[in-house]
Amino acid sequence: TAPSVYHRVRAVTCDANGSLALDGDGPAVEWLVEMSRFDESDVLDGMAERGTLDLALMPELARAVARLHAIAEWRFDHGGRRGMAWVIDGNADGFHDYGPGVLDPAACLRLTTRSHEALSHQADRLMTRRAEGFVRRCHGDLHLRNVCLLEGRPTLFDCIEFSDQIVCIDVLYDLAFLVMDLLHRGLGQHAHAVCNEYVTATADLDGLALMPLFLSVRAAVRAKTSATAARLQSTPTAQAMQRQAAQDYLTLA
């Protein structure tokens, strides 16, 4: 999705005297991706926070996602009912471990229960879609912080590479992260523009019945990770921000 940004993998090597070098003669101890730097002000999350994210960019962003999904590898060994259950159960475990003091336990339980009910209701559709090739190696982390403008065009970067379980998913679950992020930021028109243009580009109408579940699960993931992050902050202000974010995501979920 961003060939002008990503160039190559480079080795961090350890020389005989213990010093580190890039592509040196010693054994590799770590690996780096060499990228071109782009203007951080052109990352879409910052634009959204400043109120400068143009609604007119959203159809092109949706088409960029659709182009990625069109060429993505089909995977029949992930996704489906089991794949979504793995995420829902992981969220529940995170609520139990990191939610106390941050998230309402009763609300977390209601969410988990309703998520499993929705999953049971949509199980056949999830399995049919996997059989028909809608589970693919997607982006996996498709939110506004991982989209930038290059030459004025929305460009996806920083996809998940380290976990097949996270990245080999239903294409609409991939899209749902982006749509959820826009909804969370109060950009409902933007969210509708992305969703509508994606469906126009892909004709994936049957999958729309899954979007409520997908959007909820994506918001729940962010509730869990924000609650976790709240425990790791070093200042009361940062802790309060993460707690509020976790609570807002839980409400959205």
Side-chain angles (χ1 to χ4, degrees), residues 1 41-70 72 84 87-88 91 111 114-115 118-119 122 125-126 129 134 136 138-150 152-160 166-167 169-226 241 244-253:
T1 62
S41 67
D42 287 336
V43 179
L44 266 57
D45 71 322
M47 297 172 69
E49 291 167 4
R50 296 190 299 272
T52 61
L53 184 58
D54 191 348
L55 179 62
L57 287 173
M58 297 301 99
E60 189 166 3
L61 172 55
R63 291 191 293 271
V65 177
R67 286 194 297 271
L68 168 62
H69 290 167
M84 288 307 301
V87 183
I88 293 169
N91 288 339
L111 174 60
R114 293 184 65 182
S115 297
L119 176 60
Q122 297 290 358
R125 178 174 274 107
L126 286 165
R129 285 176 63 80
F134 286 99
R136 301 175 188 174
C138 297
H139 186 287
D141 201 20
L142 188 56
H143 51 81
L144 295 180
R145 194 176 302 164
N146 288 337
V147 186
C148 66
L149 289 182
L150 290 181
R153 301 185 65 179
T155 303
L156 317 179
F157 69 97
D158 204 21
C159 70
I160 296 291
I166 294 175
V167 77
I169 52 178
D170 192 294
V171 292
L172 284 182
Y173 183 55
D174 202 37
L175 179 74
F177 205 167
L178 177 60
V179 176
M180 185 281 296
D181 194 17
L182 290 165
L183 291 172
H184 170 70
R185 296 171 185 274
L187 298 173
Q189 285 185 299
H190 293 64
H192 279 285
V194 166
C195 197
N196 291 343
E197 185 62 28
Y198 181 89
V199 171
T200 299
T202 63
D204 188 2
L205 292 169
D206 177 72
L208 289 178
L210 293 165
M211 284 301 279
L213 173 62
F214 287 168
L215 291 168
S216 177
V217 172
R218 284 297 191 184
V221 169
R222 293 308 293 262
K224 174 188 67 176
T225 57
S226 297
M241 290 179 61
Q244 186 61 57
Q247 292 160 8
D248 291 345
Y249 280 120
L250 182 63
T251 299
L252 182 59

With side chains defined as the heavy atoms from C-beta onward, is the minimum distance between Leu172 and Tyr198 less than 4.5 Å?
yes
If we only count heavy atoms from C-beta on, is the His192 to Leu182 side-chain gap below 4.5 Å?
no
Applying side-chain contact (heavy atoms from CB on, under 4.5 Å), run through Arg218 and Leu215 and close with a yes or a no.
CA-CA 5 Å; Arg218 284 297 191 184; Leu215 291 168; 5.8 Å; no
Where do Cys195 and Met211 come nearest, in terms of heavy atoms and distance?
SG-CE, 4.4 Å
Salt-bridged, Asp204 to Arg129, with N to O below 4.0 Å?
yes
At what distance, to the nearest 0.5 angstrom, does CD1 of Ile160 lie from SG of Cys138?
12.0 Å
Just so I know, are the side chains of Ser226 and Leu250 near enough to count as touching, which here means a heavy-atom distance under 4.5 Å?
no
Counting only heavy atoms from other residues, nucleotides and ligands, does the tally under 6.0 Å from CZ of Arg145 exceed 12?
no
Output field: ring centroids His139/Phe177 closer than 6.0 Å:
no
Pairwise side-chain contact, Phe214 with Met180, heavy-atom cut-off 4.5 Å (strictly under):
no
Show your reasoning for whether side-chain contact (heavy atoms from CB on, under 4.5 Å) applies to Leu119 and Val217.
CA-CA 10 Å; Leu119 176 60; Val217 172; over 6 Å; no
Over all atoms of both residues, closest heavy-atom pair of Asp45 and Val43
OD1-CG1, 3.1 Å
Please report the closest heavy-atom contact between Val87 and Tyr173, naming both atoms and the distance.
CG1-OH, 3.5 Å
Ser216 side chain to Leu213 main-chain N or O, any donor-acceptor pair under 3.5 Å?
no
What I'd like to find out is whether the side chain of Leu183 reaches to under 4.5 Å of the side chain of Val179, using heavy atoms alone.
yes
Partner of Asn146 under side-chain contact (heavy atoms from CB on, under 4.5 Å), picked from Asp181, Leu178, Asp141, is Asp141
Does a side-chain heavy-atom distance below 4.5 Å link Leu142 with Leu68?
no
Contacts of Arg63 that satisfy side chain to side chain donor-acceptor pair (under 3.5 Å) - sequence neighbours left out
Glu197
Would you say that more than 12 heavy atoms from the other residues, nucleotides or ligands in this model lie under 6.0 Å from the CD of Gln189, or not?
no
Is a side-chain donor or acceptor of His184 paired with a backbone partner of Arg222 at a separation under 3.5 angstrom?
no
Identify the heavy atoms of His190 and Asp54 that sit nearest to each other, and give their distance.
NE2-C, 4.0 Å
With sequence neighbours excluded, residues passing ring pair (Phe, Tyr, Trp, His ring centres under 6.0 Å) with Phe134:
none
If you round to the nearest 0.5 Å, how far is CZ of Arg136 from CD1 of Ile169?
12.0 Å
Please find the pair of heavy atoms, one from Pro59 and one from Leu55, that lie closest to each other, and give the distance.
CD-O, 3.6 Å
Is there side-chain contact between Val65 and Val194, with at least one heavy-atom pair below 4.5 Å?
no
Nearest atoms (heavy-atom pairs only) where Ala220 meets Leu111
CB-CD2, 3.8 Å
Walk me through whether Thr202 and His69 qualify under side-chain contact (heavy atoms from CB on, under 4.5 Å).
CA-CA 9 Å; Thr202 63; His69 290 167; over 6 Å; no
Atom pair CG (Asp174) and CD1 (Ile166), whose distance is rounded to the nearest 0.5 Å:
12.0 Å
Going through the checks in order, is the side-chain contact (heavy atoms from CB on, under 4.5 Å) test met by Leu144 and Met47?
CA-CA 9 Å; Leu144 295 180; Met47 297 172 69; over 6 Å; no
Is the shortest heavy-atom distance from the side chain of Met58 to the side chain of Leu187 under 4.5 Å?
no
